[in-house]
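Only this structure's heavy atoms are used, side chains among them; waters, hydrogens and symmetry mates stay out.
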There are 2 protein chains.
Amino acid sequence: MEKNNFKILVVDDEPDIVEFIAYNLKKEGYDVCTANDGLDGIKIAEKEKPDLIILDIMMPRLDGVETCEHLRRNPMFKNTLIVFLTALGDEQSEIKGLNAGADDYIVKPIKPKLLLSRINALLRRLQPSEVPGKNQIGDFIIDMEQYLVHYKNEHYSLPRKEFELLNLLTSKPGKVFHRDEILNKVWGTEVIVGDRTIDVHIRKLRQRFGDDHIVTVKGIGYKFDS
Amino acid sequence: MEKNNFKILVVDDEPDIVEFIAYNLKKEGYDVCTANDGLDGIKIAEKEKPDLIILDIMMPRLDGVETCEHLRRNPMFKNTLIVFLTALGDEQSEIKGLNAGADDYIVKPIKPKLLLSRINALLRRLQPSEVPGKNQIGDFIIDMEQYLVHYKNEHYSLPRKEFELLNLLTSKPGKVFHRDEILNKVWGTEVIVGDRTIDVHIRKLRQRFGDDHIVTVKGIGYKFDS
DNA sequence: TTTTTTTGTTAACCTTTACTTAACATTAAT
DNA sequence: ATTAATGTTAAGTAAAGGTTAACAAAAAAA
């Protein structure tokens, strides 16, 4: 079920609930980490940098609303989605929670399908996370650290120029990279290589991965399309 | 109360409800427009380009879920927030609504303060619209980064000169571009091409998108009209 | 080191597409 | 009605990219 690379942190003081939520999120393909109270949650959040945090409200040491406010004060979590998941169903609590900076407020008992629908709705707005070192686009995972490309359960070790070219194109899927830009970013400003050089490397990538991914925009350059 | 400049479209077939919601949104400082059913809603949305749309589900002519799906198919509304506001409180309806592409699902009866808290929560995530590199005019979206033109749910990849010509004309809708100006901006001052060349490219654009958008101003040049 | 293999670049040629033009038709203005 | 401007079409031309093979350079292996 490895289909998305979003990471979700679940914070609740009841282990059974944490486990139940984590199980459902993992089944959906999310990467899940957990914490048992607010303070613990903040610590894990700082380490794991999740895309979304699910917070119980009533917790020992630091309650959910305070945790949310604390997180929101830290610019690191400006774009992190926060969802309250609580037994407190009254209007006042919900308003308080949302005004504390939360993105959603879901009332227990937990209905797994509904929870997932809401989580999915929130996450589909999130721009694909820019994790340096790894870059996932469509069927591709570009591992800059290992200079490896994973594609459809296979992994390829490409020559350097090919790798850098693919990495450039996939760094902004859809964007057309001008030939100049490609030369500058892949070959640098010092070296001057002929015009056909780019084409030859594009060709090699197409031979490896098929003709469907790299699109020529005549007169401009190339783009990666998923 | 003019504190934010977000525009919200309220779609519901019950005038009393529309008025009640609109009143509360206006009090909060939002710019509000309204529609009475799905079809009407789509028409108004295309004209007003709201940041957020509140949809009732049970409506004559086109129900809320269908309206939402229709909107989501149009790239113009890719970043528009959609919220269902409905009497249907069962889990299945809610899941269906969220999976249709909605960002939130709120159950009637309406609690004004809670509604506003949720609307505010959604809108504070909205990046300031008008992404540079994208040019939206009427039914057209000119994507300079991807060299793509979106038009009525289709997208077109035009040859360079055609793209640049359309991009020039749409950059100031209504303004008449003199033939000289077109030659300078699209062909540059160096190249000198015959007079009929412009016409041929205009013709190709008209073949693609219909004769209604590019207007000839005899003796002067051309303009784009929506 | 020398040899072998892999990777990078280039040149020559081929293919495709976009662009331009010329000739003629049509339209609009005076 | 006449004229000037624009519309249309098809054909020719130029430009851009694709392909291949040969060679050079670098890296790895012996």
Which atom pairs, one a donor and one an acceptor, fall under 3.5 Å between side chains of residues 186-197 of chain B and the rest of the protein, sequence neighbours left out?
residue: B:R196; atom: NH2; partner: B:D199; partner atom: OD1; Å: 3.4
residue: B:R196; atom: NH2; partner: B:D199; partner atom: OD2; Å: 2.7
residue: B:T197; atom: OG1; partner: B:G194; partner atom: O; Å: 3.3

By side-chain contact (heavy atoms from CB on, under 4.5 Å) - contacts of B:K152 (at least two apart):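 Expected list: B:D139.
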Which pairs count as salt bridge (Lys or Arg N to Asp or Glu O under 4.0 Å) when at least one residue sits in [range], sequence neighbours excluded?
| range | value |
| --- | --- |
| residues 39-50 of chain B | B:K7-B:E48 |
| residues 59-71 of chain B | B:D37-B:R61 |
| residues 205-225 of chain A | A:E162-A:R208 |

Mind checking what makes ring-ring contact (aromatic ring centres under 6.0 Å, His included) contact with [X], not counting sequence neighbours?
| X | value |
| --- | --- |
| B:H155 | B:H150 |
| B:F163 | B:Y147 |
| B:F140 | B:Y151, B:F209, B:H213, B:F224 |

A:Q207 vs A:R179, nearer the 5' end of DNA chain D by closest nucleotide: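 It is A:R179 whose nearest nucleotide is closer to the 5' end.
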From the 5' end of DNA chain D to its 3' end, which nucleotides mark the outer limits of contact with chain B, defined by a 4.0 Å heavy-atom distance cut-off (strictly under)?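 On DNA chain D, the outermost contacted nucleotides are D:dA4 to D:dT9.
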Over all strands shown, is B:F163 touching base, sugar-phosphate only, or nothing at heavy-atom distances under 4.0 angstrom?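 B:F163: no heavy atom of the nucleic acid under 4.0 Å.
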Per-nucleotide protein contact along nucleotides 13-22 of chain C, 5' to 3', at a 4.0 Å heavy-atom cut-off (B base, S sugar-phosphate only, - neither), is ---BBSBBB-
Check whether the side chains of B:E14 and B:N36 place a donor and an acceptor atom closer than 3.5 Å, and report yes or no.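 No.
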How large an angle, rounded to 10°, do the end axes of the helix from C:dT1-D:dA30 to C:dT30-D:dA1 enclose when each is built from five base pairs?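 Comparing the axis at each end, I get an angle of 30°.
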Who passes salt bridge (charged side-chain N to carboxylate O under 4.0 Å, His left out) against A:D103, sequence neighbours left out?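 In terms of salt bridge (charged side-chain N to carboxylate O under 4.0 Å, His left out), with neighbours along the sequence ignored, A:D103 is linked to A:R72, B:R125.
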